[in-house]
Amino acid sequence: MAKSYESKSVEQKWYKYWEDNGLFKAEATSDKDPYCIVIPPPNVTGTLHMGHALNNTLQDILCRFKRMKGFNVLWQPGTDHAGIATQNVVEKDLAAKGTDRYAVGREKFIELVWEWRKKYGGLIINQLRRLGCSCDWSRERFTMDEGLSKAVREVFVRLYEEGHIYRGDYIINWCPRCHTALADIEVEHKEKESHLYYIRYPFKNGGGHLTVATTRPETLLGDTAVAVNPEDDRYAALSDPHVLLPILNKPIPVIFDKYVDMEFGTGALKITPAHDPNDFEIGNTHNLERIKVIDENGMMNDLAGPYRGMERFECRERIIEDLKMGDLLEKIEPYQNAIGHCYRCKTMIEPLLSKQWFVKTGPLAKEASKAVREGKTKIFPSNWEGVYFEWMDNIKDWCISRQIWWGHRIPAWYCQECGAVQVAKEAPMSCNSCQSNDLVQETDVLDTWFSSALWPFSTLGWPDSTPELKTFYPTAVLVTGFDILFFWVARMMMMGIHFMGDIPFKDVYIHALVRDAEGKKMSKSKGNVIDPLEIMDQFGTDAFRFTLAALAAQGRDIKLSEETILGYRHFVNKIWNAARFALMNLDENEDPKHDERAYTLADRWILTRLGQVSEEVARAIEAYQFNEAAAHCYQFIWHELCDWYLEMAKQELYGENGVSKETARAVVQEALIVALKLLHPFMPFITEEIWQRLPGTDGSIMTARFPDPSDFLRDEDALKEMNLLMGVIAAIRNIRGEMNIPPSKNVNLIIDAKSELDEEILERNLAYIQTLAKVDGASIGSGLPKPAKSATAIFEETSVHVLLEGLIDFEEEKKRIRKAISKIEKDMEASNKKLSNRGFLEKAPAGIVADVRTKFEGFSTKLSKLKQNLSFLETIDDC
RNA sequence: AGGCGGGUAGCUCAGUGGGAGAGCAUCGGCCUUACAAGCCGAGGGUCACGGGUUCAAACCCCGUUCCGCCUACCA
């Protein structure tokens, strides 16, 4: 076995072994309890980033854990067709070839996208394999495959028939680059430095003007009114109810609406119903004309008069110039406001009037909200529930049509004769109002999130009634980042409840965002991206996964640096070497037997601890406290199993007694097996590698049973005895360290034990003290006097005198004891304060009071012993 | 503007009512036959600030301040 762990070859080997042996496969029907997680489907265009790595590591931990706990686990994988993102990629390819999608045509273009998907769409799936994900790949799905498309049509038609889907004129967020409408949440608002322009609108009948403030002067071409607040005294007595639109010199009315904020600007607001969502609303109440002056490319159209054909920002500049010339621009103030940008391509959004398809979300959201309120679905950590309710209770209708080509084409047909709209699962033969055969399908496709909203049941075979649906719906838990709580989780809740009559998942676990070492969000443009694949190459997948789990405390973002990962790689190596040690002492062909009569204190202790730790780890994973689970594994394996148990076991392993030797081998083997099982969900590769080398193991560790606390010895005495032994050894080591006694130099001891029982325990385990604290001989008894040339440490009420003939530095020893005294005095003071407080004695629980009293007595004994020691030293000094 | 999260050792962070913790870094001692990616030991904190509740507060409540994020239709 190599001296340090080499991850590369190991990882590939075992992943292939698991897949070849079908260990990731779920059973459609089974006697075992079901446990199902649907993967948040990554975009086909995606490559594995830190967010994916964290998200999928946590899911894999849960799945591997539950499998070992005996569940029928389905981790349902798949990818998302990612409408706009994928279309963008293929369009870029076309642009490089000097053509575009319009030249290619819709049908051919879609073919090209499928080809692209076939070629590159599996990239991220293979990256998930590198990460060790135990998905059931035989069930991989894609949001555009036949089954899922069928589910999409079914849902659309049923929602339409129920009146939950409608088509209407609305101001939508238009991306002039992607050429499509965007839902409100697909718009990112960014604070930007801009300007507030004060523009004069002259009164129609001569004499004076009204000044309005705007950030978008170019839209004035589409103004159809100026609004003021009816309570605004400044405008109460307007003699002329009309003003002239600057430049176009067109009369428009002054209207009164309470929406207008009197404090802002001049209290007069220009109204452009076709290019601003608020103005659109006001336009509706006042029946104003909607004049569209900017087109789908962000260019000024024919209605823009002299500015026709200009780009929108160029038009702004020109209008400002022209206003200045006509003395209609009063002033320009610097101004900061939040401007919407496309979340895909970052182009500035143009609010635009157009006809779109919508889902009426109100009734669906109400049910989805109720399910969480009633606790049917629980969100972890629970503070996200508030965010969820906030959104659900203020939800707006969902614009689901997109003017792109890649996606599920909306199953609606328009009759070219009579204009009737027909919605159906399959293309209708003729119009059902005029029987015409001249039908044309809607060219828009559905928002990508429409199909992902169905993911928890469409992947299981819906709308067919399948055994998978019966077995696995509702799924156990959804693991995701908070950034898609609205996009995805909320919509799955709505659709799941509506179409399945039940929640899609019992738990939602919201995990952190991975940031860089400075706490900044990782992004390509900032250049601070850490590539998970490089990390896996460099440190190994197990170290990487364990790091992510160890940092995944609930409710806080993760700051990831290579330093941290390096620390956990050391842990991986520690495990490797512990295994190496064990294997050196085990025989390949022998399965050593325990003989309980030969158990040492160390054996009884570690066996008891194995049971306790197994329980702690299992409980933490069940509660989604991944960091706690990881910390328990780390602390136990390194600082208990390796630092203490393996060191102590050497005594028997290297000894001559056959029975003791075999028992020690058996316990070492068992402890290692349990440690591997506890670690397996976090570190699948190294645990399998060691498992396969270890005698007494069968098949894959994946199919081994997770340790149950009832499997182990429960020996409370062993815990207490070990506590004493470790305390005494630590006390001796402390003296050695402080006195700079080299490890090569052994010492002798006088131990003054507090009781006969302790005396007996220490006597019985003297050999451990000798090896672990480098001790030659010791006299153990009670009431033994302190020898002159010695240093003393006190553990609980046991005094340990280390004989330091020729080595002792009295000044150093006095300093050491004074330090101990001042420390204990502080402790005593705290306890004493409580015990002399009548309120505490009367009101605190009896158990607590007793504890403090015991502690105080312990302190006080220790203190008097320390003081004795000190005065003893001072006496010697005087001589 | 509103909402959420955070401020604990030099750094990164655990810790939700009863004696302040871990890892890394620092300092001292060790190549002890699993591991120097290691072993043994040590130092280091007004738990952001101010009030309150309580016998008892890092933890609960109120206020202040700084940082981060999310939401939003003040042009």
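From a predicted model like this one, the values you see are computed outputs, not experimental measurements.
- Taking only distance into account, the side chain of A:Glu647 meets the base of B:A34 through a donor-acceptor pair shorter than 3.5 Å.
- Note: CD (A:Glu563) to P (B:G10) measures 17 Å, nearest angstrom.
- Atom P of B:U53 sits at a distance of 41 Å from the matching atom of B:A72, rounded to the whole Å.
- Here B:A42 is the nucleotide among B:A42, B:A75, B:A34 with the atom lying nearest to any side-chain atom of A:Asn734.
- Look at A:Asn837 and you won't find any side-chain N or O under 4.0 angstrom from OP1 or OP2 of B:A56.
- Going from the C1' atom of B:A20 to that of B:C13 covers 15 Å, rounded to whole Å.
- Because its NZ or CZ atom is both nearer than 6.0 Å to the ring centre of A:Phe581 and within 45° of the ring axis, A:Lys650 counts as a cation-pi partner of that residue.
- In terms of the side chain to side chain donor-acceptor pair (under 3.5 Å) criterion, A:Arg733 has no residue partners (sequence neighbours excluded).
- The side chain of A:Glu628 lies closest to B:G15 when the candidates are B:A75, B:C55, B:G15.
- Residue A:His639 has no polar side-chain atom (N or O) positioned under 4.0 Å from OP1 or OP2 of B:G38.
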What's touching nucleotides 25-33 of chain B from the protein side, N or O pairs under 3.5 Å?
| from | atom 1 | to | atom 2 | distance (Å) |
| --- | --- | --- | --- | --- |
| B:G28 | O2' | A:Asn740 | OD1 | 3.4 |

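- The CZ-C1' distance, from A:Arg733 to B:G41, rounds to 9 Å in whole Å.
- If you measure from atom CD of A:Gln635 to atom P of B:A22, you get 9 Å, rounded to the nearest angstrom.
- In terms of phosphate contacts, A:Tyr335 brings a side-chain nitrogen or oxygen within less than 4.0 Å of OP1 or OP2 of B:A75.
- The base of B:C35 sits within donor-acceptor range of the side chain of A:Lys574, with an N or O pair under 3.5 Å.
- With C1' as the reference atom, B:G68 and B:C24 are 24 Å apart, rounded to whole Å.
- Taking the ring centroids of A:Phe280 and A:Tyr170, they lie under the 6.0 Å cut-off.
- Side-chain atoms of A:Thr215 lie closest to B:A75 of the nucleotides B:A14, B:C39, B:A75.
- Environment of CD in A:Glu333: crowded, with over 12 heavy atoms of neighbouring residues, nucleotides or ligands closer than 6.0 Å.
- Of the nucleotides present, B:G63 is the one that pairs with B:C49 by Watson-Crick or G-U wobble criteria, both distances under 3.5 Å.
- A gap of 12 Å separates the C1' atoms of B:C11 and B:U26, to the nearest Å.
- Nucleotide B:A9: unpaired (no Watson-Crick or G-U wobble partner with both distances less than 3.5 Å).
- Contacts of A:Asp279 with the nucleic acid, taken as non-hydrogen atoms under 4.0 Å apart, are absent.
- Scanning all heavy atoms of the two residues, the minimum distance from A:Ala791 to A:Arg816 falls at CB-NH2, 4.1 Å.
- Proximity of a side-chain donor or acceptor of A:Lys862 to a complementary backbone N or O of A:Ile794 within less than 3.5 Å is detected.
- Across all strands shown, B:C27 forms a Watson-Crick or G-U wobble pair with B:G41, both key distances being under 3.5 Å.
- Phosphate contact (OP1/OP2 of B:C39, side-chain N/O of A:Trp638, threshold under 4.0 Å): present.
- In this structure B:C69 sits in a base pair with B:G3, meeting the Watson-Crick or G-U test at under 3.5 Å.
- Surrounding CD of A:Glu825 are more than 12 heavy atoms belonging to other residues, nucleotides or ligands, all under 6.0 Å away.
- Taking only side-chain nitrogens and oxygens, A:Lys819 comes nearer than 4.0 Å to OP1 or OP2 of B:G43.
- A:Lys270 comes within 4.0 angstrom of nothing in the nucleic acid, heavy atoms only.
- Mapping A:Leu841 and A:Phe571 onto RNA chain B via the closest heavy atom, the residue that lands nearer the 5' end is A:Phe571.
- For the atom pair A:Trp644 CH2 and A:Glu647 CD, the distance stands at 10.0 Å (nearest 0.5 Å).
- Checked by distance alone, A:Tyr259 brings no side-chain donor or acceptor within 3.5 Å of a matching partner on the base of B:C74.
- As judged by a 4.0 angstrom heavy-atom cut-off over every strand, A:Asn573 is placed among the base-contacting residues.
- Among the atoms of the strands shown, none is found under 4.0 Å from any heavy atom of A:Glu562.
- Of the options A:Phe626, A:Tyr568, A:Phe539, a ring-ring contact (aromatic ring centres under 6.0 Å, His included) to A:Phe546 is made by A:Tyr568 and by none of the others.
- At a threshold of 4.0 angstrom between heavy atoms, the contacts of A:Ala844 include nucleobase atoms, whether or not backbone atoms are also involved.
- The nearest whole Å value for the distance from the OH atom in A:Tyr5 to the P atom in B:G38 is 17 Å.
- In this structure, A:Val260 reaches the bases: a heavy-atom distance under 4.0 Å links it to at least one base atom across the strands shown.
- Annotation: side-chain hydrogen bond (donor to acceptor under 3.5 Å, both in side chains) contacts involving residues 832-856 of chain A, sequence neighbours excluded, are absent.
- Residue A:His570 places none of its side-chain N or O atoms closer than 4.0 Å to OP1 or OP2 of B:C35.
- Between the CD atom of A:Glu842 and the P atom of B:G18 there is a distance of 22 Å, given to the nearest Å.
- Remark: P of B:G41 and CD of A:Glu738 are 11 Å apart, rounded to the nearest angstrom.
- Across all strands shown, A:Arg569 has heavy atoms under 4.0 Å from base atoms, whether or not it also approaches the sugar-phosphate.
- Remark: the separation of the P atoms in B:G17 and B:G52 is 23 Å, to the nearest Å.
- For B:U16, there is no paired base (Watson-Crick or G-U wobble, both distances below 3.5 Å).
- A:Trp384 pairs with exactly one of A:Tyr509, A:Phe389, A:Phe482 by the ring-ring contact (aromatic ring centres under 6.0 Å, His included) rule, that one being A:Phe482.
- Each of A:Asp261 and A:Lys823 was assigned the nucleotide of RNA chain B with the nearest heavy atom; the assignment lying further toward the 5' end belongs to A:Lys823.
- In this structure, A:Ser4 reaches the bases: a heavy-atom distance under 4.0 Å links it to at least one base atom across the strands shown.
- Candidate nucleotides B:G5, B:A34, B:A75 were compared by shortest atom distance to the side chain of A:Thr214, and B:A75 ranks first.
- Spacing between B:G18 and B:C59 at atom C1', rounded to whole Å, works out to 12 Å.
- The distance from atom CD1 of A:Ile848 to atom C1' of B:G17 is 10 Å, rounded to the nearest whole Å.
- Per the geometry, CE belonging to A:Met392 stands 20 Å off P belonging to B:C70, to the nearest Å.
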